[in-house]
Amino acid sequence: MKMESVLKRELNTTRLKALGFAGGGCISQGQSYETDSGRVFVKANHKNQAKTMFDGEMASLEAILKTNTVKVPRPMKVISLSDGGSMFIMEHLDIHSLSKYMAKLGEILGDLHLHNAKHKERQQREAQTVGKGPGQSEIQYVDKFGFHTVTCCGYIPQNNDWQNDWVNFFAQQRLQFQMNLIEKEYGDREARELWSKLQLNIPAMFHGIEITPALLHGDLWGGNIGQVEDGPVIFDPAAFYGHSEYELGISGIFGGFNSAFYTAYHNKFPKAPGFEKRVKLYQLFHYLNHWNHFGTGYRGSSISIMKALVK
């Protein structure tokens, strides 16, 4: 069955006209359509793991949407294709490159990261109020690190099993996970030796830092931000509850964020001692992930960050 006829059936529309708005990252192809009930944006991917990827993206968008902080496209549905691939239908937004809303993005990204902590405060207040027991709030405070489903950073699935301890979660379920893939594919001795030293240094980088789980976009680089008429928008998330600083790892690698963004963000989230070093550690995850996606062009950056962090 052709993609168009599947879409017509799933959207219950007779009209399905492809619009000029098309987009494609390194992973999936996207296209906007005019339907009987308005415009939609459809991402398609013909790989077998596409459904896992799109299910994770849908859950990520739903979670961010519920916080009512930063704008994201409203997700609609994920559809399996007969070739084993998948399609993801969401709201069409007329997105342009981010120019005048940089500071605003920094501010509302801070709101997204503070959202869970505010629920913690509210629940503590409610527990102390007579007649208002816990569980009154619609959204509950999340006290662990992880996510209720698998999300993919690129097309590699992330292990989001819940953990109480962030340092353990990040070292095992992010870095070790990527290192295992590199070991399997490349058997890179230098990377392996550096990683065995770096692992020992990681806990000290978090000494004296209190980390409240924050809902993260998870893949916030310049290609996943933009603006609509009334403000900034973020898309293509790989969400999970983690350390707010993690979000700023990839934002510093490929550019696209200016000082107005960082100033506004740090007004909400002042830098804690050791911030620069931890951001380097978070960047390491993305370099390893790129090495696993795109090959040894990212080996050099991965190795040099590990060398810098084991000094």
Side-chain angles (χ1 to χ4, degrees), residues 25 27-28 43 45 49-78 86 88 90 108-120 123 137-181 206 211-221 224-225 234-251 269 278 281-282 284-286 288-289 292-293:
I27 312 289
S28 301
K43 282 169 86 166
N45 188 296
Q49 64 264 50
K51 187 172 188 318
T52 303
M53 187 169 73
F54 288 153
D55 283 343
E57 187 178 337
M58 179 154 174
S60 299
L61 289 170
E62 284 169 346
I64 296 169
L65 208 52
K66 272 187 194 148
T67 67
N68 214 2
T69 52
V70 56
K71 191 176 182 69
V72 291
R74 192 170 48 81
M76 291 154 87
K77 60 164 79 171
V78 174
S86 205
F88 179 22
M90 66 189 91
I108 55 183
L109 185 70
D111 292 338
L112 171 67
H113 290 171
L114 285 166
H115 187 262
N116 191 43
K118 288 196 169 146
H119 277 292
K120 183 185 186 178
Q123 265 171 245
S137 310
E138 200 179 308
I139 299 177
Q140 293 298 307
Y141 169 63
V142 175
D143 64 351
K144 290 183 169 63
F145 300 96
F147 203 54
H148 63 276
T149 190
V150 171
T151 51
C152 298
C153 195
Y155 57 74
I156 295 174
Q158 306 191 107
N159 176 357
N160 288 330
D161 293 349
W162 296 103
Q163 299 290 342
N164 291 314
D165 179 69
W166 166 251
V167 177
N168 201 25
F169 175 93
F170 181 68
Q172 294 305 313
Q173 292 170 219
R174 289 297 180 265
L175 293 179
Q176 183 69 62
F177 186 85
Q178 292 286 336
M179 288 304 301
N180 290 348
L181 294 175
F206 292 87
I211 301 170
T212 299
L215 181 62
L216 306 175
H217 172 284
D219 190 16
L220 200 71
W221 67 288
N224 289 345
I225 61 170
I234 62 176
F235 43 93
D236 290 356
F240 65 98
Y241 283 87
H243 186 194
S244 53
E245 291 176 358
Y246 174 92
E247 199 87 281
L248 302 181
I250 196 167
S251 71
F269 263 96
R278 287 188 300 277
L281 185 70
Y282 294 144
L284 173 61
F285 165 79
H286 291 288
L288 294 172
N289 189 43
N292 279 315
H293 273 87

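Heads up: numbering here begins at 1 and tracks the sequence. Everything numeric in this text was worked out from a predicted model, so none of it was measured.
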Measure the shortest side-chain to side-chain distance between Gln158 and Phe285 over non-hydrogen atoms and say whether it is less than 4.5 angstrom.
yes

Inspect the surroundings of CG in Asn68 and state if more than 12 heavy atoms from other residues, nucleotides or ligands are less than 6.0 Å away.
no

Between Asn292 and Gln178: side-chain donor-acceptor atoms closer than 3.5 Å:
yes

Heavy-atom closest pair, residues Ile156 and Phe177
CG2-CE2, 3.8 Å

Between Met90 and Met76 the two heavy atoms that sit nearest each other are C-SD, 3.6 Å

With sequence neighbours left out, write down each residue that passes ring-ring contact (aromatic ring centres under 6.0 Å, His included) with His293, or none if nothing qualifies.
Tyr155

Considering residues at least two apart in sequence or located in another chain, which fulfil the side chain to side chain contact (heavy atoms under 4.5 Å, CB included) criterion with Asp111?
Thr69, Ile108, Lys268

How close do Val78 and Met58 get, heavy atom to heavy atom, and via which atoms?
CG2-SD, 3.9 Å

Taking the side chain as every heavy atom from C-beta outward, state whether Gln172 and Gln176 have any atom pair closer than 4.5 Å.
yes

Do Asp219 and Asp236 have side chains that get closer than 4.5 Å, going by heavy atoms?
no

Aromatic ring proximity, centroids under 6.0 angstrom, His113 and Tyr246
no

How many angstroms lie between atom CZ of Phe169 and atom CG of Asp161, to the nearest 0.5 angstrom?
8.5 Å

Please identify which of these residues, Asp143, Val142, Leu215, meets the side-chain contact (heavy atoms from CB on, under 4.5 Å) condition with Asn116.
Val142

Taking the six-membered ring of Phe240 as reference, does the cationic atom of Arg174 (NZ for Lys, CZ for Arg) lie under 6.0 Å from its centre and within 45° of its axis?
yes

Check whether any side-chain heavy atom of Pro237 lies under 4.5 Å from a side-chain heavy atom of Val72, and answer yes or no.
no

Contact between Cys153 and His286 at the side-chain level, heavy atoms closer than 4.5 Å - yes or no?
yes

Applying side chain to side chain contact (heavy atoms under 4.5 Å, CB included) to Ser251 and not counting sequence neighbours gives Leu248, Phe257, Tyr262

Side chains of Thr151 and Asn160: is there a donor and an acceptor less than 3.5 Å apart?
yes

Any side-chain heavy-atom pair of His243 and Tyr282 under 4.5 Å:
yes

Partners passing ring-ring contact (aromatic ring centres under 6.0 Å, His included) against Phe145 (at least two apart in sequence or in another chain)
Trp166

Going by the rule ring-ring contact (aromatic ring centres under 6.0 Å, His included), which residues pair with Phe147 if we only count those two or more places apart in sequence or in a different chain?
none

Considering non-hydrogen atoms only, spot the tightest contact between Pro75 and Glu62 and give its length.
CG-CG, 3.7 Å

Heavy-atom distance under 4.5 Å between the side chains of Leu175 and Leu281, does that happen here?
yes

How many angstroms lie between atom OH of Tyr141 and atom NZ of Lys120, to the nearest 0.5 angstrom?
4.0 Å

Work out which heavy atom in Ala238 is nearest to a heavy atom in Cys152; give both atom names and the distance.
CB-O, 3.2 Å

Are any non-hydrogen side-chain atoms of Gln123 and Gln140 less than 4.5 angstrom apart?
yes

Given Glu57, Lys77, Lys51, the one that forms side-chain contact (heavy atoms from CB on, under 4.5 Å) with Phe88:
Glu57

Could you go through the side-chain contact (heavy atoms from CB on, under 4.5 Å) check for Arg278 and Phe206 one step at a time?
CA-CA 8 Å; Arg278 287 188 300 277; Phe206 292 87; 3.4 Å; yes

Can you list everything that forms a ring-ring contact (aromatic ring centres under 6.0 Å, His included) with His217? Sequence neighbours excluded, please.
none

Do you know which two heavy atoms are closest between Leu65 and Arg74, and how far apart they sit?
CD2-CG, 3.8 Å

When rounded to the nearest 0.5 angstrom, what distance separates CG in Asn289 from CD1 in Ile250?
7.5 Å

